[in-house]
Amino acid sequence: MGPHPAVAAIRLAVRRVLHDVLTDLTDIPRPRAAGTQPLVLVACSGGADSMALASALAFEAPKLGIRAGGITVDHGLQVGSDLRAAEVVTRMTALRLDPVESVAVRVGREGGPEAAARDARYAALDEAADRLGACAVLLGHTRDDQAETVLLGLARGSGIRSLSGMAEVSGGPGRTNRYRRPFLQVDRQTARKACMVQSLPVWDDPHNIDPAYTRSRLRHEGLPALEKALGKGVVEALARTAQLSRDDADALDSWAADAEAGVRDADGRLECAKLYALPPAVRRRVLRRAVVAAGSPAGSLFARHIEEVDRLITGWRGQGAINLPGRVEAQRQGGRLVIRQG
């Protein structure tokens, strides 16, 4: 008799991702000590999604010659968070993950509480992965999380890239394929069921039901209201929208990357006339790339910012410099667009 269907589903999702990790290691060899197995970490909060992921990683990794470890991040936002992190370490150790660590972070205020906590968490995961020599970090985001991300992007009016939600594979400079999300096609209830049938203890973060947080309100009020009005299947449809949008956004991003060299002069400055000739979707991507390259944080840069810069190209009336996040300013000077940090 095989495992419960929920357990089988999460193990299959993790197995596929681990095969992808091994394929990437073959294509792009990474330095590691001779004779050592590649290390994959799971980012585990102790919630149902990440505990299900940790258990599946612990089961599948040894069969593929991969070491499986775990990291939990203590955000310090709740009383007793350090004790909670210690419990998660104990649970991951019981699953025979090794190495296992708890990393404490200080959460700032920039971008709001949710964005600040996310930035601190990824910085901690990056540091731990670099220090431990991990080739990948698995994240427990589910199909439900993807649907919420798409709706949040739609509400912000941030364009097709926001509608594409979270990528199955992502990472920063030099870490292109670091983060893997095996559960983007797995619903939240399947992950919870997998924990239940394996008798895995889980922790339900009170922030997830706190109406002070936008995502919490969307999860407990917004999505149920949509399902009531439109019927079941909203989550699946939103997740499907994410994938279709990502395909379109990737194609446009590639077009913009190719077009950028052709709109710069011999000194590397952006020429307004050549920018104007580009299709709007491509031109705005070129502008966004230039603004980020000048030092504006990508996470703080919204569609309205790029629209203001775009008006320097399409609606030039002698307006002054545009102030952007990260103390970056954009200004039109003599038919050139100058973007620099002030």
Side-chain angles (χ1 to χ4, degrees), residues 107-120 122-123 149-167 170-174 214-215 242 245-246 248-342:
V107 177
R109 297 183 179 180
E110 187 174 351
E114 291 166 283
R118 181 178 62 248
D119 290 346
Y122 278 102
T149 301
V150 172
L151 282 177
L152 288 170
L154 182 63
R156 283 194 293 261
S158 300
I160 194 171
R161 178 53 72 186
S162 283
L163 295 185
S164 65
M166 294 175 284
S170 64
T214 305
R215 187 177 286 268
S245 298
R246 180 165 296 280
D248 291 348
D250 287 347
L252 287 167
D253 285 349
S254 178
W255 186 354
D258 292 340
E260 185 172 357
V263 296
R264 292 185 181 274
D265 63 17
D267 296 322
R269 296 175 299 177
L270 291 166
E271 298 187 65
C272 296
K274 291 181 178 178
L275 283 167
Y276 185 85
L278 292 174
V282 177
R283 181 176 61 247
R284 288 173 186 149
R285 280 168 166 74
V286 171
L287 295 176
R288 190 179 194 279
R289 287 168 58 90
V291 170
V292 170
S296 191
S300 302
L301 202 57
F302 300 134
R304 59 183 173 82
H305 295 126
I306 302 305
E307 286 168 3
E308 289 182 31
V309 178
D310 194 41
R311 278 194 285 273
L312 294 176
I313 308 300
T314 62
W316 174 240
R317 298 291 185 274
Q319 57 265 50
I322 305 296
N323 294 317
L324 301 162
R327 297 184 295 106
V328 172
E329 66 175 27
Q331 188 172 19
R332 180 162 172 156
Q333 296 178 349
R336 303 292 189 271
L337 188 64
V338 179
I339 303 174
R340 61 191 172 200
Q341 214 161 24

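A quick note: this is a predicted structure, and the numbers were derived from the prediction, not measured. These values consider heavy atoms only, across backbone and side chains, with no hydrogens, waters or symmetry-generated copies. One-based numbering along the sequence shown.
Under the rule for a side-chain contact (heavy atoms from CB on, under 4.5 Å), the partners of D250 that lie at least two apart in sequence or sit in another chain are R161, R246.
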Checklist line | From CA spacing to verdict: side chain to side chain contact (heavy atoms under 4.5 Å, CB included), R285, I306 | finding: CA-CA 9 Å; R285 280 168 166 74; I306 302 305; over 6 Å; no

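With a 4.5 Å cut-off on side-chain heavy atoms, R264 and E271 do not count as touching. Contact of the L287 side chain with the L275 side chain is registered, since non-hydrogen atoms from C-beta on lie closer than 4.5 Å. Contact annotation: the side chain of V338 never approaches that of L270 to less than 4.5 Å [non-hydrogen atoms, C-beta and beyond]. Between H305 and V291 there is no side-chain heavy-atom pair separated by less than 4.5 Å. Under the 4.5 Å side-chain criterion, counting only non-hydrogen atoms from C-beta, W255 is in contact with P279. Within the 4.5 Å cutoff, the side chain of Q331 has no heavy atoms near those of the I322 side chain.
Tested against C272 for a side chain to side chain contact (heavy atoms under 4.5 Å, CB included), the candidates V263, I313, L312 yield a single pass: I313.
Put simply, the side chain of R327 never gets that close to the backbone of Q341: no donor and acceptor are under 3.5 Å apart. Of the possible donor and acceptor atoms, none in the side chain of D267 sits under 3.5 Å from a partner among the backbone N and O of R269. A donor-acceptor contact shorter than 3.5 Å links the side chain of S296 to the backbone of P325.
Expressed to the nearest 0.5 Å, how far OG1 of T149 lies from CG of L154 amounts to 12.5 Å.
The pair R311-E307 fails the salt-bridge criterion, with no side-chain N (NZ, NE, NH1 or NH2) lying under 4.0 Å from an Asp/Glu carboxylate O.
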